[in-house]
Amino acid sequence: DGTMKKKSLMYKSLTQFIVCVAILLLLATPLFYWLTKSFYAEDMIDIIEAVQQGKPVPALDLEEDILHGAGEAFKGGWNQVKLYFMLGLPTETQEDMEGIAVLADKVARRYYEIPKDQRNGKCQITASSSFFVPKPFSPLQWATMQPMEEYIRRAGIVQEAFRNQLNRKSLRYNWHTAEVTVLEGVFARGDRKVGKVLEEAYRLGCIYDAWDEYFDYDKFVEGCKECGRPHHFNGYDESTELETEDYYIYYHNQNYKRG
């Protein structure tokens with residue numbers, strides 16, 4: 001009887017906990033949406049309009065914040081910093097790409113501004129870049145995705161810029177696998193039919209492909225061919241012009257407009 005009472009009490013407590021979590025989620029969802037629309041949507045609309053008009057995407061000026069934060073970490077004894085970027089965004093320029101290396105070098109310079117006797121050896125600034133994939137239900141879902149060769153070319157521009165920096169020996173640059181990016185585009189913008197591609201790739205031996213040493217792009221290409229699906233993202237060309245309001249599906253409110 002004692003065991004049954006304990007189990008009954010445990011199930012009752014678990015049920016109450018689940019109900020409380022469900023209520024909190026119901027209350028938090030509209031609050032989160034309101035905060036997102038109030039403090040985030042304005043910036044996203046500016047980005048969307050810039051993309052439509054072929055203008056540079058407005059960016060927040062965070063360089064000083066990054067340098068200040070790195071400087072404080074260096075004063076605390078740290079000598080390594082990791083920076084993350086994205087290549088291939090709409091209206092991206094060569095200056096934007098080379099700016100990745102320039103910012104990494106500025107971080108290294110901030111380290112070497114500390115007196116030598118107070119440093120913790122040499123610093124290591126690592127910059128990594130992924131490639132832009134237009135995800136559905138996001139502000140840039142209709143934006144152009146670059147082909148694989150273009151991503152590799154852009155990564156090469158960044159890598160060359162790193163070689164030209166004053167503190168290049170303290171800098172390191174990594175980039176996301178272009179083949180994986182292409183597949184991300186296929187699965188992100190594909191319909192339910194791409195599920196067959198994933199199953200076929202599994203049958204062909206794709207199991208641990210999250211690890212680079214096991215990733216086999218050719219098997220995914222073969223899986224696409226077997227299923228009669230394109231093995232590349234079919235949105236390289238500029239998409240048809242859409243009115244700004246057409247992008248507002250991201251906000252789950254087609255009637256939302258800037259006041």
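Quick caveat: nothing in here was measured; it's all calculated off a predicted structure.
Using modelled atom types, one finds a donor on one side chain and an acceptor on the other under 3.5 Å when comparing Tyr173 with Ser129.
No side-chain donor-acceptor contact under 3.5 Å links Asn120 to the backbone of Asn79. Judged purely by atom type and a 3.5 angstrom limit, Tyr151 uses its side chain to pair as donor or acceptor with the backbone of Phe132.
Note on Met86 and Val133: same hydrophobic cluster, where clusters join Ile, Leu, Val, Met, Phe, Trp and Tyr whose side-chain heavy atoms are under 4.5 Å apart, directly or indirectly. Note on Leu166 and Ile66: separate hydrophobic clusters, where clusters join Ile, Leu, Val, Met, Phe, Trp and Tyr whose side-chain heavy atoms are under 4.5 Å apart, directly or indirectly. Residues Leu103 and Ile125 fall within the same hydrophobic cluster, defined by Ile, Leu, Val, Met, Phe, Trp and Tyr side chains chained together at heavy-atom separations under 4.5 Å. In the hydrophobic cluster analysis, where Ile, Leu, Val, Met, Phe, Trp and Tyr join through side-chain heavy atoms closer than 4.5 angstrom, Val180 is grouped apart from Trp211. Using a 4.5 Å cut-off between side-chain heavy atoms of Ile, Leu, Val, Met, Phe, Trp and Tyr, with links allowed through other members, Val81 and Leu67 fall into the same hydrophobic cluster.
Shown here for Ala143 and Pro90, the closest heavy-atom pair between the two residues is CB-CG, 3.7 Å. For Gln94 against Ile157, the heavy-atom pair with the smallest separation is CG-CG2, 4.1 Å. When every heavy atom of Leu171 is checked against every heavy atom of Gln124, the shortest pair comes out as C-NE2, 3.8 Å. The nearest pair of heavy atoms linking Glu200 to Cys227 is CB-SG, 4.0 Å. Contact between Asn167 and Ala108 at its shortest, heavy atoms only, is CB-CB, 3.9 Å. For Lys219 against Cys206, the heavy-atom pair with the smallest separation is CB-SG, 3.5 Å.
With values rounded to the nearest 0.5 angstrom, Leu89 atom CG is found 10.0 Å from Gln146 atom CD. Arg163 contributes atom CZ, which lies 11.0 Å from atom CZ of Arg168 (distance to the nearest 0.5 angstrom). Atom CD of Glu199 and atom CD of Glu226 lie 12.5 Å apart (nearest 0.5 Å). Note: Asp96 CG to Leu87 CG = 9.5 Å, rounded to the nearest 0.5 Å. Separating the CD1 atom in Ile152 from the OG1 atom in Thr177 is a distance of 9.5 Å, to the nearest 0.5 Å. Considering OG1 of Thr181 and CE of Met145, their distance stands at 6.0 Å, rounded to 0.5 Å.
Between Tyr214 and Tyr208, the ring-plane angle classifies as tilted under the 30° and 60° cut-offs. Classification of the His176-Phe131 ring pair by plane angle, with boundaries at 30° and 60°, yields tilted. Using the six-membered ring where Trp is involved, Tyr217 and Phe215 have ring planes that are tilted, between 30° and 60° apart.
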Walk me through whether Tyr112 and Ser170 qualify under side chain to side chain donor-acceptor pair (under 3.5 Å). CA-CA 10 Å; Tyr112 291 116; Ser170 297; 2.7 Å; yes

Begin with the C-alpha distance, continue with both residues' side-chain angles, and end with the deciding distance and a verdict on side chain to side chain contact (heavy atoms under 4.5 Å, CB included) for Leu83 and Thr126. CA-CA 6 Å; Leu83 304 171; Thr126 302; over 6 Å; no

Does the pair Val197 and Val186 meet the rule for a side chain to side chain contact (heavy atoms under 4.5 Å, CB included), with working shown? CA-CA 10 Å; Val197 174; Val186 170; 6.0 Å; no

Side chain to side chain contact (heavy atoms under 4.5 Å, CB included) evaluation trace for Trp78 with Glu72: CA-CA 9 Å; Trp78 296 90; Glu72 291 300 305; over 6 Å; no

Determine, step by step, whether Asp209 and Phe220 satisfy the side chain to side chain contact (heavy atoms under 4.5 Å, CB included) criterion, reporting the C-alpha distance in whole Å, the side-chain angles of both residues, the deciding distance to 0.1 Å, and the verdict. CA-CA 10 Å; Asp209 288 67; Phe220 277 96; 3.6 Å; yes

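Atom CZ of Arg119 sits in a crowded spot, with more than 12 heavy atoms from other residues, nucleotides or ligands closer than 6.0 Å. Taking a 6.0 Å sphere around CD of Glu95, one finds it holds 12 or fewer heavy atoms contributed by other residues, nucleotides or ligands. The environment of CZ in Phe187 is crowded: more than 12 heavy-atom neighbours from other residues, nucleotides or ligands sit within 6.0 Å.
The existence of a salt bridge linking Glu150 and Arg154 is confirmed by a sub-4.0 Å separation between a basic side-chain nitrogen and an acidic carboxylate oxygen. Glu222 and Lys225 are not joined by a salt bridge, as no carboxylate oxygen comes within less than 4.0 angstrom of a charged side-chain nitrogen.
By the salt bridge (Lys or Arg N to Asp or Glu O under 4.0 Å) test, Arg109 pairs with Asp105, sequence neighbours left out.
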